[in-house]
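Counting from 1, the numbers follow the sequence of the chain as shown. Quick caveat, the model's predicted, so the values are computed rather than measured. Every heavy atom of this structure was used, including side-chain atoms; hydrogens, water molecules and symmetry mates were not.
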Amino acid sequence: MSELYELPEGWEWKKLGDISKLIGGGTPKRNNLEFWDNGTIIWLSPTDLGKIGEIIDISDSKDKITELGLKKSSARLLPIGTVLYSSRATIGKIAINSVEVSTNQGFTNFICNDELSNKYLAYCLNRFTDKITSLSNSTTFKEVSKTSLKEFNIPLPPLQEQKRIVAKLDSLFAKIDQAIALHQQNIDEANALMGSVLNEVFGELEERYEKDIIKNILKIAQYGFSTKSSDNGRYPFLRMGDLQNGKILFNNLKYVNLTDTEFKKYKLEKNDLLFNRTNSYELVGKTSIFEDDIDMSFASYLIRLRVDESIILPYFLNYYLNAKKTQDSLKEMATRAVNQSNINAQKLQSISVPLPPLSVQQKTITYLDQLSQKTEKLKQAQQEKMESLKDLKVSLLDRAFRGEL
C-alpha cells in the first residue's frame with residue numbers, strides 16, 4: 001500500500017481495484033504453430049516496451065498470435081487506451097495502446113473507469129513503481145500479484161484536475177526529454193570521436209608495420225566455466241554484464257562452487273583481457289582488462305585472452321579491438337540469433353593486429369589513455385547533467401501527486 005499522506009481538498013485515496021479493471025495476460029503454447037503462424041493479433045512482452053520511467057504509445061509487437069492462440073490461452077484482447085504495466089521480473093515498464101493488443105503473463109493491465117484518466121494513471125504508476133516493486137515477496141524473481149495491485153492506493157483528484165496535471169507533465173517532460181537527448185548526443189559524439197581516433201591511429205600503424213593474427217600472439221585463449229552460480233558458492237566470478245563501458249564492475253558479483261583445481265584453471269590474472277563473446281548485437285565484442293590482484297574467475301559468456309607480452313601489450317590489443325574498424329569486422333563475423341549475437345574463439349583469433357615495437361605500442365597506449373581520460377571526463381559531465389534532469393522528473397511527479405504542481 002502506498003504511503004497515505006495528506007491530500008488537497010477534493011482529492012482522495014483510491015484503491016486501483018475500485019477505479020480500474022485489472023487484466024492479466026498469457027502465452028499460447030509455443031509448440032503449436034496454429035497459435036503463431038501468420039498471426040495478426042499484437043502480443044506484447046515487456047521487451048516490446050521502453051525503459052522503466054518512460055510512458056510510450058504502442059501499436060505493434062515483435063510477435064503476433066492467431067485468433068486460435070488468443071482463444072486457447074489466458075491472453076486477452078485489450079481495448080484501446082488500456083494502461084499496460086509490466087509486473088513480473090522487470091517491474092515498471094508502462095505503455096498505452098493505440099490499437100487493440102494482448103500481452104503475455106508479465107503484465108497487469110488497467111482498464112480505467114470513468115473517473116480515472118489513463119494517462120494520469122500511467123504517470124501515477126511511474127511515480128509509485130518503487131513502492132509497487134516492494135510488494136513483491138521474492139528476491140530472485142520479482143512479481144507483483146494482481147491482488148496486491150488491486151489494493152494499492154493512489155491519490156485521485158477530480159477528472160478535470162487529472163487532465164490538467166497530465167497536460168502540465170506532458171509539457172514539462174517533453175522539454176526535459178529534449179534536454180536529455182542533447183546530452184546523450186554529446187556522449188554519442190564523444191564515443192564516435194574516440195572510435196574515429198582509434199581508426200586513424202591503427203590505420204597508420206597497419207601501413208607501417210607487419211601484422212599477425214591474434215592466435216599467434218597469445219599465451220592462452222579460453223572460455224570461462226559453464227557451472228551455474230550458487231547461493232553458497234566459494235568463488236566470485238565475472239559475467240558479461242559485469243563488463244560496462246570498458247570497465248569491470250564488482251558491485252553485483254555472483255559466486256560459484258568450483259574445486260580448487262577448477263578455480264586455478266579459471267582464475268584471472270592481472271592484465272588478462274576479457275572479451276564479451278555473446279550479447280546483443282551492440283554489445284558483443286566489448287572488452288575489459290582485468291587490472292586487480294584479487295581472486296576472481298569468469299563465466300562461459302566471456303573469452304579470456306592472455307597475450308605474450310614480449311610481442312604485444314594487453315592494453316594495445318584492447319584498444320585495437322575497440323577501434324570501429326575492428327568492431328565492424330567482429331560484428332560481421334558474429335553469428336546472429338533473434339536477440340543474441342555470438343563470436344567464438346576461433347573467429348576472434350583470426351583477427352589480424354599490427355605489431356610495432358613495444359616502445360611504439362607504449363607511446364600509442366599513453367596517447368590513447370590521455371585522450372580516453374578527457375573523453376570520459378566529458379561524458380561523465382554530460383551523464384551527471386542527464387541524471388539531474390531525471391531527478392527533476394521524479395521531483396515533478398512527486399509534486400504532481402501531492403497536489404503541488
Side-chain angles (χ1 to χ4, degrees), residues 139-140 194 198 214-215 217-280 283-322 326-327 330 342-345 348-349 353 358 361-362 364-366 368-377 379-380 383-384:
T139 57
T140 55
M194 191 67 193
L198 289 173
I214 288 177
K215 179 180 180 180
I217 58 177
L218 295 178
K219 289 184 176 180
I220 187 174
Q222 180 185 2
Y223 296 112
F225 62 84
S226 57
T227 309
K228 292 182 179 180
S229 62
S230 170
D231 290 339
N232 60 349
R234 297 173 61 196
Y235 295 112
F237 67 93
L238 296 175
R239 302 160 294 162
M240 58 184 179
D242 298 317
L243 276 59
Q244 299 284 340
N245 299 319
K247 305 294 183 183
I248 295 176
L249 306 181
F250 298 99
N251 56 353
N252 192 28
L253 290 177
K254 299 290 184 181
Y255 289 76
V256 65
N257 275 322
L258 299 174
T259 66
D260 290 342
T261 301
E262 288 172 331
F263 180 70
K264 184 177 180 181
K265 177 181 178 182
Y266 298 111
K267 184 178 183 297
L268 291 168
E269 294 184 4
K270 192 171 183 178
N271 290 338
D272 280 351
L273 191 155
L274 291 171
F275 180 89
N276 194 357
R277 71 179 181 89
T278 182
N279 208 315
S280 66
L283 296 178
V284 70
K286 297 304 180 185
T287 66
S288 294
I289 298 282
F290 184 73
E291 300 177 323
D292 300 86
D293 289 317
I294 56 176
D295 286 345
M296 188 69 61
S297 54
F298 63 106
S300 59
Y301 290 140
L302 302 174
I303 300 175
R304 179 247 300 273
L305 300 177
R306 185 174 295 161
V307 302
D308 183 343
E309 294 191 38
S310 68
I311 301 174
I312 190 168
L313 301 177
Y315 285 89
F316 184 84
L317 177 59
N318 186 52
Y319 275 125
Y320 185 76
L321 288 174
N322 283 282
T326 314
Q327 284 286 309
L330 288 166
N342 182 72
I343 299 175
N344 61 35
L348 171 60
Q349 291 179 81
V353 185
L358 294 180
Q361 292 184 37
Q362 186 56 62
T364 303
I365 292 168
T366 300
L368 293 174
D369 279 350
Q370 291 172 348
L371 180 62
S372 178
Q373 289 167 8
K374 291 178 181 177
T375 303
E376 288 302 316
K377 187 175 181 180
K379 288 163 57 179
Q380 182 62 33
Q383 189 64 47
E384 288 173 359

Problem set entry | Residues N344 and R277: side-chain donor-acceptor under 3.5 angstrom | no
Problem set entry | E376 side chain to Q380 side chain, donor-acceptor N/O pair below 3.5 angstrom | no
Checking [X] side chain against [Y] main chain: does a donor-acceptor pair fall under 3.5 Å?
X    : Y    : value
Q327 : L321 : yes
Q361 : F316 : no
Q383 : K379 : no
T326 : N322 : no
S297 : L238 : no

If you round to the nearest 0.5 Å, how far is [atom2] of [Y] from [atom1] of [X]?
X    : Y    : atom1 : atom2 : value
D308 : I217 : CG    : CD1   : 9.0 Å
L371 : T366 : CG    : OG1   : 12.5 Å
L305 : N318 : CG    : CG    : 10.0 Å
L330 : I343 : CG    : CD1   : 4.5 Å
I294 : K267 : CD1   : NZ    : 9.0 Å
L358 : Q362 : CG    : CD    : 9.0 Å

Measure across [X] and [Y] and return the closest heavy-atom pair with its distance rounded to 0.1 Å.
X    : Y    : result
R234 : D260 : NH2-OD1, 3.1 Å
Y223 : F298 : C-CE1, 3.6 Å
M240 : N276 : CB-OD1, 3.2 Å
E269 : R304 : N-NH1, 4.4 Å
L273 : P314 : CD1-O, 3.9 Å
D272 : R306 : OD1-NE, 2.8 Å

Within the 4.5 Å heavy-atom criterion, are [X] and [Y] side-chain neighbours or not?
X    : Y    : result
Y235 : D295 : no
D292 : I248 : no
L253 : M296 : yes
Y319 : S372 : yes
Y320 : I312 : no
R239 : L302 : no
T375 : M194 : yes
I214 : L317 : yes

For this session: For atom CZ of F290, decide whether the heavy atoms of other residues, nucleotides or ligands shown that lie under 6.0 angstrom number more than 12.
Result: yes
For this session: Please assess I289 against N271 for the test side chain to side chain contact (heavy atoms under 4.5 Å, CB included), listing each intermediate value before the final yes or no.
Result: CA-CA 6 Å; I289 298 282; N271 290 338; 4.2 Å; yes
Exercise. Which class fits the ring pair F225 and F237: parallel under 30°, tilted 30 to 60°, perpendicular over 60°?
Worked result: perpendicular
